[in-house]
*Asks:* 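Structure provided below as structure tokens; questions to follow.
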Amino acid sequence: MAHNKVRVRFAPSPTGGLHLGGVRTVLFNYLFAKKHGGEFVLRIEDTDQTRFVAGAEEYILECLEWCGLIADEGPHIGGPYAPYRQSERKQLYRQYAEQLVENGYAYYAFDTPDELEAMRDREKINGNQSPQYNHHIRHTMRNSLTLTKEEVNELLANNTPHVIRIKMPTDTSVTFTDMIRGEVTFNSGTVDDKVLLKADGMPTYHLAVVVDDYLMKISHAFRGEEWLPSAPVHILLWRYLGWEDAMPEWAHLPLILKPDGNGKLNKRDGDRLGFPVYAMNWTDPRSNEFTRGFREMGFLPEAFVNMLAMLGWNDGTGQEIFSFEELLQKFSIERVHKAGAKFDFEKAKWFNHQYIQKKTGEELATLFAPVLDEKDIQADPATVAVIANLVKDRLHFVNEIWDQGFFFFQAPTTFDNEAVKPKWTPEKQAFFEEWMQQLATVPTFDLATIESSFKNLAAEKGIKVGELQLPFRIMLTGGKFGPAVFAIAEVLGAVETIARIKTALPTFQA
RNA sequence: GCCGCGUUGGUCAAGGGGUUAAGACACCUCUCUUUCACGGAGGAAUCACGGGUUCGAUUCCCGUACGCGGUACCA
């Protein structure tokens, strides 16, 4: 269109935690902008002063930072189109609303909340399911369309509370092209006269989004599908304000649905089904209600982002693991799905698992360090790295290193005796007693040495190696779990290995 | 109710007038391993329904059903 530079924006309302659908919207905006060498703007849509939530803006910023989706302009860093908080732009909007009134595209409405309610009650009695302030009823209300010029001027002069509403045409076809859905058409007559400027002087979303997108030279506007029904209002506003040539291209993103049943995914579903919905932990300062986040649950940001990208988009090749660079290169808004996608937490876990596999033992050890700290366990980072590598392929989350390898850090206190006793024999008892002696004298206590000494002695005694491995495992770990036994022994070292055999041996006798 | 958007296996989905309708997650079987996991080999879908158009429709058109979204001085 009339834009020579790609500029997109994410415009959240700072009213609470950031939903994964919100993060995905940011992602698609970001990828699109960067792919085209454009700019990504963060704009805070805080026009509803009654819904202000302390800390919500900072929280959103932190989420974006965690995901690596940093805005080029925004309230945190400013920019050429500052301010980026709509509450700080308040005085800007009125002139445009008034311009619309002057040109006959909008009007003053003096109806009080009570009068509006009365109107709705009246309409409902007449069988109107959802009464709208529209072309059918605006002539029955108190506004500059029904009042005389003198009355209106007087009301205005007396500072009578009023709003400005758009005057939707009675029967006009409003069509626009959505980058995802193609051509979409609405009849203006089915849309109500949305409030543009509220009684407190703040714009509503409808006015603010158009004015700010224009002023901030936004070239592409991506938002959730829930905005589709109000698109005709926005399109008309662009036209009425005389800015149609500068109107951004639109794309309405499909919704993320709950895994069971139907409907938009919300934080309640996460609580109910046991998975996060917000990017990071969030505690509502008013209710103290806590909602957990993907970050704290143990998701790697790169896995979270990759997973989100695949929720509604794919490159057509079947590839699912994309580095951020690849995403930047291959993303295209046209390949975004039209239909909503049910969120599948199992698949999300799989993505995290994939990214854990890419990490080195050292990286995993670093990420795991806080868990050990919390448990007050001192461990050599190099050893933790070895352990991490050993258990890595069975992890969905970094924290699970503990579940998979706690026995590396503390000796078992109980043993799964039931798994051993039924097959226990004096010969096996003798084997371990003798092997302990041998272990104390091996030159180097490494995997190969341990394993060959174990196997040689077993052969000598005429016992099948397999018969001995499970008991040995249980001696070291307490149960039937963990990575390869000899690898465990190597990490534990000679002293600890012998000590554990010694402790466990007596408990195996029937 | 009205308006809009959508509908390929349990889930994410590729594809698109003629195909054995990809792949992934999950599931099941087998294998490897006398733990679990990983790995490997298999298993399972006629594309919501009804009409058209066409030699031929899962793909195009129209209906219907169903689902979702919206219907606030919230975003």
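Numbered from 1 within each chain, the chains take letters A, B, ... in sequence-line order. Just so it is clear, the structure is predicted and the values come from calculations on it, not from any experiment.
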*Asks:* E334(A): which residues meet the side-chain contact (heavy atoms from CB on, under 4.5 Å) condition with it, sequence neighbours left out?
*Replies:*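 Expected list: M179(A), S332(A).
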
*Asks:* Distance check, C1' atoms only: A48(B) and A72(B), in whole angstrom units.
*Replies:*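 It comes out at 35 Å once rounded to the nearest Å.
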
*Asks:* Taking atom C1' in both U7(B) and U64(B), what distance in whole Å separates the two?
*Replies:*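 So the two C1' atoms sit 13 Å from each other.
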
*Asks:* Could you check how far CZ of F343(A) sits from C1' of G10(B), rounded to whole Å?
*Replies:*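 Atom CZ in F343(A) sits about 16 Å away from atom C1' in G10(B).
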
*Asks:* For D403(A), what residues pass the side-chain contact (heavy atoms from CB on, under 4.5 Å) criterion, not counting sequence neighbours?
*Replies:*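 So D403(A) forms a side-chain contact (heavy atoms from CB on, under 4.5 Å) with E400(A).
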
*Asks:* Taking only residues at least two apart or on different chains, which pairs with a member in residues 160-182 of chain A satisfy salt bridge (charged side-chain N to carboxylate O under 4.0 Å, His left out)?
*Replies:*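 For residues 160-182 of chain A, and leaving out neighbouring residues, the salt bridge (charged side-chain N to carboxylate O under 4.0 Å, His left out) pairs sorted by first residue read R181(A)-E225(A).
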
*Asks:* Give me the distance, rounded to whole Å, that separates G42(B) from U46(B) when you measure between the C1' atoms they each carry.
*Replies:*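 Between the two C1' atoms, the distance is 22 Å.
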
*Asks:* Determine the interatomic distance between C1' on U33(B) and the same-named atom on G43(B); round to the nearest Å.
*Replies:*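 After rounding to an integer number of Å, I get 23 Å for this pair.
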
*Asks:* Could you pull out all residues at least two apart from E123(A) that satisfy side chain to side chain donor-acceptor pair (under 3.5 Å)?
*Replies:*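 Testing E123(A) for side chain to side chain donor-acceptor pair (under 3.5 Å), a comparison that skips the adjacent residues, returns N128(A).
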
*Asks:* Who are the side chain to side chain donor-acceptor pair (under 3.5 Å) partners of R120(A), not counting sequence neighbours?
*Replies:*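 Partners of R120(A) by the side chain to side chain donor-acceptor pair (under 3.5 Å) criterion come out as none, since no residue qualifies.
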
*Asks:* Write down the distance separating the C1' atoms in A44(B) and G6(B), rounded off to the nearest Å.
*Replies:*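 One C1' to the other, the span is 28 Å.
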
*Asks:* For a quick check of understanding: with a heavy-atom distance under 4.0 Å over all strands, which category does A231(A) fall into, base, sugar-phosphate or nothing?
*Replies:*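 Answer is nothing: A231(A) stays at 4.0 Å or more from every strand.
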
*Asks:* Do W402(A) and F408(A) have ring centres separated by under 6.0 Å?
*Replies:*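 Between F408(A) and W402(A), which both carry aromatic rings, the centre distance is not below 6.0 Å.
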
*Asks:* For the C1' atoms, the ones on C12(B) and on G4(B), what distance do you get once it is rounded to whole angstrom?
*Replies:*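 After rounding to an integer number of Å, I get 25 Å for this pair.
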
*Asks:* Nearest of A14(B), C38(B), A13(B) to any side-chain atom of A341(A)?
*Replies:*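 Taking heavy atoms from C-beta onward, the closest nucleotide is A13(B).
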
*Asks:* What base-paired stems does RNA chain B take part in, with at least 3 consecutive Watson-Crick or G-U wobble pairs and both distances under 3.5 Å?
*Replies:*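 Stem segments, range with range: B:1-7 with B:65-71, B:10-12 with B:23-25, B:27-31 with B:39-43, B:48-52 with B:60-64.
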
*Asks:* Base, sugar-phosphate, or nothing: which does F186(A) touch, judged by heavy atoms less than 4.0 Å apart?
*Replies:*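 Sugar-phosphate only.
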
*Asks:* Quick test of your reading: applying side-chain hydrogen bond (donor to acceptor under 3.5 Å, both in side chains), list the pairs with at least one residue in residues 226-238 of chain A, sequence neighbours left out, ordered by first then second residue.
*Replies:*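 Every side-chain hydrogen bond (donor to acceptor under 3.5 Å, both in side chains) pair that includes a residue of residues 226-238 of chain A, provided the two are not neighbours, is R223(A)-H234(A), S230(A)-H234(A).
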
*Asks:* Among all residues two or more places apart in sequence or in another chain, which pass the salt bridge (Lys or Arg N to Asp or Glu O under 4.0 Å) test with K264(A)?
*Replies:*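 Here no residue qualifies.
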
*Asks:* Quick check for you: among A37(B), G6(B), U34(B), whose closest atom lies nearest to any side-chain atom of K338(A)?
*Replies:*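 Nucleotide nearest to K338(A)'s side chain: G6(B).
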
*Asks:* What residue pairs, at least two apart or across chains, pass salt bridge (charged side-chain N to carboxylate O under 4.0 Å, His left out) with a residue in residues 342-357 of chain A?
*Replies:*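 Only E320(A)-K347(A), E346(A)-K349(A) qualify under salt bridge (charged side-chain N to carboxylate O under 4.0 Å, His left out).
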
*Asks:* What string of B, S and - do you get for nucleotides 24-33 of chain B, 5' to 3', if B is base contact, S is sugar-phosphate-only contact and - is no contact with any protein heavy atom under 4.0 Å?
*Replies:* BB--------

*Asks:* Determine the contact category for M202(A): base if any of its heavy atoms lies under 4.0 Å from a base atom, sugar-phosphate if only primed atoms, P, OP1 or OP2 are that close, otherwise nothing.
*Replies:*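 Answer is nothing: M202(A) stays at 4.0 Å or more from every strand.
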
*Asks:* Which residue pairs pass the salt bridge (charged side-chain N to carboxylate O under 4.0 Å, His left out) test with at least one member in residues 463-486 of chain A, sequence neighbours excluded?
*Replies:*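 Non-adjacent pairs meeting salt bridge (charged side-chain N to carboxylate O under 4.0 Å, His left out): K428(A)-E467(A).
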
*Asks:* Answer yes or no: does a side-chain N or O of H337(A) lie under 4.0 Å from OP1 or OP2 of A14(B)?
*Replies:*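 Indeed, a polar side-chain atom of H337(A) lies that close.
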
*Asks:* Please encode protein proximity along nucleotides 65-75 of chain B as a string of B, S and -, counting only heavy-atom distances under 4.0 Å.
*Replies:* --SSBSBSBBB

*Asks:* Report which part of the nucleic acid G312(A) touches: base, sugar-phosphate, or nothing (heavy-atom distance under 4.0 Å, all strands).
*Replies:*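 Here G312(A) touches the backbone only, sparing every base.
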
*Asks:* Within the pair N314(A) and A13(B), is there a side-chain N or O less than 4.0 Å away from OP1 or OP2?
*Replies:*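 Result: no.
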
*Asks:* Which whole number of Å gives the distance between the C1' atom of U53(B) and that of G63(B)?
*Replies:*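 The answer is 15 Å between these two C1' atoms.
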
*Asks:* Without decimals, in angstroms, what is the distance between L253(A) CG and C5(B) P?
*Replies:*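 The distance from CG of L253(A) to P of C5(B) comes to 17 Å, rounded to the nearest Å.
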
*Asks:* Would R286(A) and D284(A) pass as an ion pair if we require N to O under 4.0 Å?
*Replies:*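 Looking at R286(A) and D284(A), the cut-off is met.
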
*Asks:* Side chains of N143(A) and Y108(A) only: does a donor on one sit below 3.5 Å from an acceptor on the other?
*Replies:*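 Y108(A) and N143(A) do not have a side-chain donor-acceptor pair below 3.5 Å.
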
